[in-house]
Undergrad: 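The following block contains the structure, expressed as structure tokens.
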Amino acid sequence: MYDEHIKGLNSSQQQAVQHGEGPLLVLAGAGSGKTRVITHRIAHLITNGKARADRILGVTFTNKAAGEMKERVINLLGDVGKYVWLSTFHSFCARLLRQHAEMLGYKRDFTIYDSADSGALIKRIIKDLGLPENQPSPGQAQNAISKAKDKLISPQEFLESADDYIIQNIALVYQQYQRQLKRNNALDFDDLLFATVVLLEKFPKVTAYYNSKFQYLLVDEYQDTNHTQYRLVKLLAGERKNVCVVGDDDQSIYGWRGADISNILNFESDFPGCKVVKLEQNYRSTDVILEAAYEVIRKNKSRKAKKLFTDQTGGDYITLMMCGDERDESGVIATKIQYALSQDKSPSDFAVMYRTHSQSRSIEDALRDSGIPYIIVGGTRFYERKEIKDVVAYLRLLVNPADTESLVRIINVPRRGVGKVSVDKLLKAANEQNIPAFDLLSQADTVGIKGKTAAELNKLYETLTALSARLDELPPNDLVARLIDKSGYLAMLEKEDTPEADVRIENVKELVNAVIAFMVRIEEEQEEDQNPTLGGFLEEVALISEIDNWNNKDSAVVLMSLHAAKGLEFDTVFLTGMEQGLFPMIRETLLHSPDKEMEEERRLCYVGITRARMKLYLSMAGFRRRFDGGNITSPSSFLNDIPENLLEVEQFNYYNNGAARNVTNSYKSNYSNNYKKKSQAYKEDIYPDYEDESDDILKIGMTVSHNKFGVGKIVDKEGSGEAMMLTIKFGGGTKKIMPKYAAIEVLGT
């Protein structure tokens, strides 16, 4: 029988799509068409009568990826594709828990706390417990609790294994945090997964129901799963074991947040008899880029053997740009982009990637000065803006009045004369009576709150109660509009009468449009057991990830961290900060587990390289200013992995001559005299005052800062490169300093 859903697929993709019963591991290299395989496999299963659409479950990590899969499946199957369960892990778990929350002691209208909500609650718990300052800090406690949940460690188990004072304190916080979450009828992000696993392990009948319901399970980005997600997959696979996992161990870059690469490496032993299909044909990048990526990644020991290939043979050299400092690096990047834009390239063809967010500042400055539009993936997002979080907190209270954290956020916004003392009285009484603080708003005088403040709290109670009573009567957009008006929030902003307030007003009004868009989408998708409710909208907001906020149709250069770049692709990529210590990043954890940490850094480099379709630039600075002053750098060890026949080297005011000679000598086959002339002309175009490559940025007369001696002025300079000796006059006397061995920051000329 001819299968139209394998048309246009290569032989490996066809094998994955047509696999029958039993476990399937698809090792999908970068740019190898994994989404196409997943969606075509779903279409194949349905059109060949293997399963009904509503009997197939597909899970991934971002709403953006889930939405793309859903759209492709509908394009392949028509309306029947709407009934396939395709969502993120967290969305699936939230949907399942809405059906069974009572079995775990929650109500179905539970609130989902984001990281900020959790952090605020933990901070208050630490204070209430009277723990010494920073033993632990709120961030330390939040991180430890999240990691414990990733590993399915309960508060009691955490306490039993606590082996020092701070960990014991965290255990106390963890216990109280879970009690308070349940009292607030709330779950945090980690709880969505944790609670679902507990539900399925504790209630076999529920597990049996979902094992029967979902005949086929498909898991995207399996290399990014943590232990809890691993347990969830095992439980949902059931006895049938019709589970297909798709992923790439070479792109496992989230170990720092709980992802366990062993899940994909051990899949064959976890599911004996599984079929393994390797997708190695790349449809994204040139041969040059793929060869460089392979030479970097192949040094990792913990990986499945595979090598990407492409029909796009050859391609431009990878350009290594050696710059004087981070300002030179940023200026060269901006100049290259500006030139390309003059040749009819679009800003969205370019991405600038970095290891740490702090590197973006100088890049932003250069792009802004050059008039080049840019966006930062990871900047302040719509749903993180104060006014939006305020209104969302109000809306949460309509759906779940027990959500004390939301109440605390808005209880005095707009101002109602409710100070810290009054809030503390409410919370204390609510804890003593074991009731939601919201219930006490209408009887504030009973807890010692008098006069106008008590009257304002009663007014707030009546407003929210009246709106809450109409949750099932009014459409969500109408509820939001009424809430914004009746709460006084819109009037508060209008009263400010400032340009900033006008922007916030527009944002608040845009929230109503967001609700309308949500309603339209839900109605169009006709999802089973899902209507466009206010609770559904709030759940979607809570589950939005960073990358979901980025519209790749924006005509702007994209700035992002390497961790945010996975899954994306651009015509031209600038991979910045290729310096030892910065990338690979040298940190304390690297000293404890060097092989594990270095392999993840290498995978991160592999991900960055494989984002480029046509052209890849690597850049480094000979001197990089840091919060502790600055230091002369050395080239990243990853640069040594890239064969010299794939690279061309450009130098721009690069003053670390010793390192420059080492690098240029190793790539001298490409660094010809003609190329040097072209590079020299290019530099003179960028830097009109450029004299010679050996002329570094440290000059007599410059004002500099030393981390020990303070601010001083360079009065003499001897030698160059690694042998350079500076004479600097500081307030406490004159010192001779070799920049190679001291952190010197240039403050001015």
Side-chain angles (χ1 to χ4, degrees), residues 1-9 13-24 26 28 33-96 98-99 208-222 232-233 236-238 240-246 277 517-533 536-537 539-540 543 548:
M1 174 180 169
Y2 175 70
D3 188 344
E4 64 177 326
H5 298 302
I6 66 169
K7 184 179 180 182
L9 302 181
Q13 292 172 331
Q14 289 179 18
Q15 287 182 53
V17 167
Q18 293 183 307
H19 174 70
E21 304 289 304
L24 170 66
V26 180
K34 70 176 178 64
T35 304
R36 194 178 190 198
V37 166
I38 294 172
T39 54
H40 280 248
R41 176 164 172 76
I42 291 171
H44 168 79
L45 292 171
I46 294 171
T47 56
N48 284 271
K50 300 288 187 181
R52 289 188 349 219
D54 62 343
R55 296 300 183 91
I56 297 175
L57 170 64
V59 288
T60 185
F61 280 82
T62 68
N63 291 315
K64 191 181 187 75
E68 181 184 349
M69 285 187 198
K70 190 96 174 182
E71 183 178 348
R72 290 199 194 186
V73 168
I74 292 171
N75 287 339
L76 289 170
L77 296 171
D79 286 346
V80 70
K82 296 177 180 179
Y83 297 99
V84 178
W85 284 52
L86 283 169
S87 68
T88 65
F89 273 100
H90 290 92
S91 293
F92 167 73
C93 290
R95 186 171 177 180
L96 187 148
R98 296 288 180 198
Q99 303 299 315
Y209 168 76
Y210 286 103
N211 288 159
S212 174
K213 178 175 179 59
F214 299 121
Q215 294 175 278
Y216 289 89
L217 170 63
L218 297 95
V219 185
D220 186 27
E221 305 286 10
Y222 191 64
L232 180 61
V233 169
L236 291 173
R240 280 199 187 98
K241 294 184 172 55
N242 285 337
V243 54
C244 166
V245 302
V246 183
V277 176
F518 162 78
M519 294 166 61
V520 170
R521 183 177 58 76
I522 293 298
E523 289 170 353
E524 286 179 347
E525 290 182 356
Q526 302 172 1
E527 290 203 12
E528 176 188 355
D529 69 31
Q530 192 169 350
N531 294 315
T533 64
F537 172 74
E539 180 174 304
E540 184 168 279
L543 296 174
D548 293 323

Undergrad: Nearest 0.5 angstrom please: Tyr216 OH to Arg52 CZ, how far?
TA: 14.0 Å
Undergrad: Rounded to the nearest 0.5 Å, what separates atom CG in Leu9 from atom NE2 in His44?
TA: 11.0 Å
Undergrad: Salt-bridged, Lys34 to Glu221, with N to O below 4.0 Å?
TA: yes
Undergrad: Quick one, His40 and Ile6 - any side-chain contact, counting heavy atoms below 4.5 Å?
TA: no
Undergrad: Would you please name every residue forming a side chain to side chain donor-acceptor pair (under 3.5 Å) with Thr39, sequence neighbours left out?
TA: none
Undergrad: Could you check if a side-chain atom of Arg36 sits within less than 4.5 angstrom of a side-chain atom of Arg72, using non-hydrogen atoms only?
TA: yes
Undergrad: Just verifying a value: how many Å separate Asn75 CG and Lys70 NZ, rounded to the nearest 0.5 Å?
TA: 12.5 Å
Undergrad: Between the main-chain N or O of Leu236 and the side-chain N or O of Asn211, is there a donor-acceptor pair closer than 3.5 Å?
TA: yes
Undergrad: Less than 4.5 Å apart, any side-chain heavy atom of Leu543 and any of Ser87?
TA: no
Undergrad: Looking at every non-hydrogen atom in both residues, tell me the closest pair between Leu24 and Ala16 and how far apart they are.
TA: CD2-O, 3.5 Å
Undergrad: Which heavy atom of Thr60 sits nearest a heavy atom of Ala66, and at what distance?
TA: CG2-N, 3.6 Å
Undergrad: How about Leu57 and Tyr210: do any of their side-chain heavy atoms sit closer than 4.5 Å?
TA: no
Undergrad: Over all heavy atoms of both residues, which pair between Arg41 and His19 is shortest? Give the atoms and the distance, please.
TA: NH1-O, 2.6 Å
Undergrad: With Arg240, which residues qualify under side chain to side chain donor-acceptor pair (under 3.5 Å), at least two apart?
TA: none
Undergrad: Rounded to the nearest 0.5 Å, what separates atom OH in Tyr83 from atom CG in Leu77?
TA: 13.0 Å
Undergrad: Does some side-chain heavy atom of Thr88 sit less than 4.5 Å from a side-chain heavy atom of Asn63?
TA: yes
Undergrad: Any sub-3.5 Å donor-acceptor pair from Asp54's side-chain atoms to Val84's backbone N or O?
TA: no
Undergrad: List the steps and the verdict of side chain to side chain contact (heavy atoms under 4.5 Å, CB included) for Leu232 and Cys93.
TA: CA-CA 10 Å; Leu232 180 61; Cys93 290; 3.7 Å; yes
Undergrad: As an exercise, state the distance from CD1 of Ile74 to CE of Met69, rounded to the nearest 0.5 Å.
TA: 13.5 Å
Undergrad: I'd like to know if Lys64 and Glu68 make a salt bridge, using a cut-off of under 4.0 Å between side-chain N and carboxylate O.
TA: no
Undergrad: For Gly22 versus Asn242, what's the shortest heavy-atom pair and its separation?
TA: N-OD1, 2.8 Å
Undergrad: From Glu21 CD over to Lys241 NZ, what is the distance, rounded to the nearest 0.5 angstrom?
TA: 13.0 Å
Undergrad: Not counting sequence neighbours, which residues clear side chain to side chain donor-acceptor pair (under 3.5 Å) with Gln14? List them please.
TA: none
Undergrad: So, do Leu217 and Trp85 sit near enough that their side-chain heavy atoms are less than 4.5 Å apart?
TA: no
Undergrad: Would you say the side chain of Glu539 lies within less than 4.5 Å of the side chain of Arg98, judging by non-hydrogen atoms?
TA: yes
Undergrad: Given side chain to side chain contact (heavy atoms under 4.5 Å, CB included), test Val26 with Tyr222 step by step and report yes or no.
TA: CA-CA 10 Å; Val26 180; Tyr222 191 64; over 6 Å; no
Undergrad: Do Ile42 and Leu86 make a side-chain contact, defined as non-hydrogen atoms from C-beta onward lying under 4.5 Å apart?
TA: yes
Undergrad: What are the two closest heavy atoms between Ile56 and Phe214, and how far apart are they?
TA: C-CD2, 4.2 Å
Undergrad: Please determine whether the number of non-hydrogen atoms from other residues, nucleotides or ligands lying under 6.0 Å from atom NZ of Lys50 exceeds 12.
TA: no
Undergrad: Looking at every heavy atom in both Gln215 and Ala51, which two are closest together, and how far apart are they?
TA: OE1-CB, 3.6 Å
